[in-house]
Amino acid sequence: MNPAGMTTPMGGLGGAPGAAGPNMQGMSEQEQAMVKMMYSAMESCPMKTVMAGTMGFGLGGVFGLFMASMSYDSTFTPQGKAIADLPWKEQVRRGFKDMGQRSWSSAKNFGVVGALYSGTECCIEGLRAKNDLTNSVAAGCITGGILGAKAGPQAAAAGCAGFAAFSAAIDAYMRMPEKDD
């Protein structure tokens with residue numbers, strides 16, 4: 001029930017139990033319009049692409065930093081042996097420089113993959129007007145194919161198959177109904 005003069009926001013999604021969207025009771029019409037505009041912007045393909053690319057960039061940076069920090073854990077590796085023979089300050093300087101380079105490289109790669117996959121999936125979903133497993137598989141295939149294209153047609157096909165299988169597995173897992181134990 002809405003008080004007199006209140007419009008139901010988001011096409012009737014207000015504060016109804018089980019409804020999606022925000023509870024906008026008590027907001028002015030201008031505030032409701034702003035919330036609607038923000039929701040529609042967040043659901044647009046360009047915004048989803050930018051958000052996925054940004055999140056991938058951040059995750060890739062952390063992953064690259066972690067992986068680079070693990071490179072120097074032993075003096076038994078050629079890389080570890082070469083570093084161990086240097087003075088302490090030089091070891092730290094080279095270690096931080098390498099960690100920064102690897103972190104940056106990993107961040108860029110994760111950002112590109114995230115943006116490419118998210119944008120492709122959103123476009124496919126918009127064209128098909130469905131949200132199902134097929135969108136993930138097709139987006140994975142296209143993304144893997146694009147990423148492997150520089151290495152030739154066989155690499156593009158392998159990238160398509162591998163990324164499609166990975167996307168299907170992740171999406172199938174995410175769509176599994178929750179079990180109440």
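Residue numbers start at 1 and run along the sequence shown. As a basis for the values below, the full set of heavy atoms in this structure was taken, side chains included, without hydrogen atoms, waters or symmetry mates. What you are looking at is a predicted structure, and each value in this text was computed from that prediction instead of being measured.
- Across all their heavy atoms, L65 and M99 have their closest contact at CD1-CE, 3.5 Å.
- A donor-acceptor distance shorter than 3.5 angstrom exists from the side chain of E31 to the backbone of S28, with no hydrogens or angles considered.
- Residues G140 and F163 share a closest heavy-atom pair of O-CB, 3.1 Å.
- Annotation: the span from S103 atom OG to K108 atom NZ amounts to 11.5 Å, rounded to 0.5 Å.
- Heavy-atom minimum distance, G114 versus A52: O-CB, 3.5 Å.
- For CE of M51, the number of neighbouring non-hydrogen atoms (other residues, nucleotides, ligands) closer than 6.0 Å is greater than 12.
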Evaluation steps, side-chain contact (heavy atoms from CB on, under 4.5 Å), between D171 and D132: CA-CA 9 Å; D171 202 19; D132 58 9; over 6 Å; no
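- The OG atom of S167 lies 10.5 Å from the CD1 atom of I142; values are rounded to the nearest 0.5 Å.
- We find that E125 and K130 are not joined by a salt bridge, their nearest charged nitrogen and carboxylate oxygen being 4.0 Å or further apart.
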Derivation of the side-chain contact (heavy atoms from CB on, under 4.5 Å) call for Y117 and S136: CA-CA 9 Å; Y117 176 79; S136 298; 3.5 Å; yes
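- Both I170 and M176 sit in one connected hydrophobic cluster of ILVMFWY residues. Membership requires side-chain heavy atoms under 4.5 Å apart, directly or through other members.
- For the cysteines C122 and C45, the sulfur (SG) atoms lie within a distance shorter than 2.5 angstrom of each other.
- Here D98 pairs with R102 in a salt bridge; the nearest charged N to carboxylate O distance falls below 4.0 Å.
- Taken from CD in E29 to NZ in K36, the straight-line distance is 8.5 Å, to the nearest 0.5 Å.
- Note on V137: it does not cluster hydrophobically with M174, by side-chain heavy-atom contacts below 4.5 Å among ILVMFWY residues.
- Interatomic distance, NZ of K48 versus CD of E121, reported as 8.0 Å (0.5 Å rounding).
- Under the 4.5 Å side-chain contact rule for hydrophobic residues, V113 and F63 do not share a cluster.
- Scanning all heavy atoms of the two residues, the minimum distance from R94 to L86 falls at NH1-CD1, 3.3 Å.
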Residues R175, N131; criterion side-chain contact (heavy atoms from CB on, under 4.5 Å); working and verdict: CA-CA 11 Å; R175 290 177 185 272; N131 183 356; 2.8 Å; yes
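- Both L59 and F66 are part of a single hydrophobic cluster, where members link through side-chain heavy atoms under 4.5 Å apart.
- F110 and F57 have their aromatic ring centers separated by at least 6.0 angstrom.
- F166 and Y173 fall within the same hydrophobic cluster, where Ile, Leu, Val, Met, Phe, Trp and Tyr residues are linked whenever their side-chain heavy atoms come under 4.5 Å apart, directly or through other members.
- Taking the side chain as every heavy atom from C-beta outward, L116 and T49 never approach each other to under 4.5 Å.
- Counting only distance, with no hydrogens or angles, the side chain of T120 and the backbone of T143 share no donor-acceptor pair below 3.5 Å.
- In terms of modelled atom types and a separation under 3.5 Å, the side chain of S105 and the main chain of Q101 share no donor-acceptor contact.
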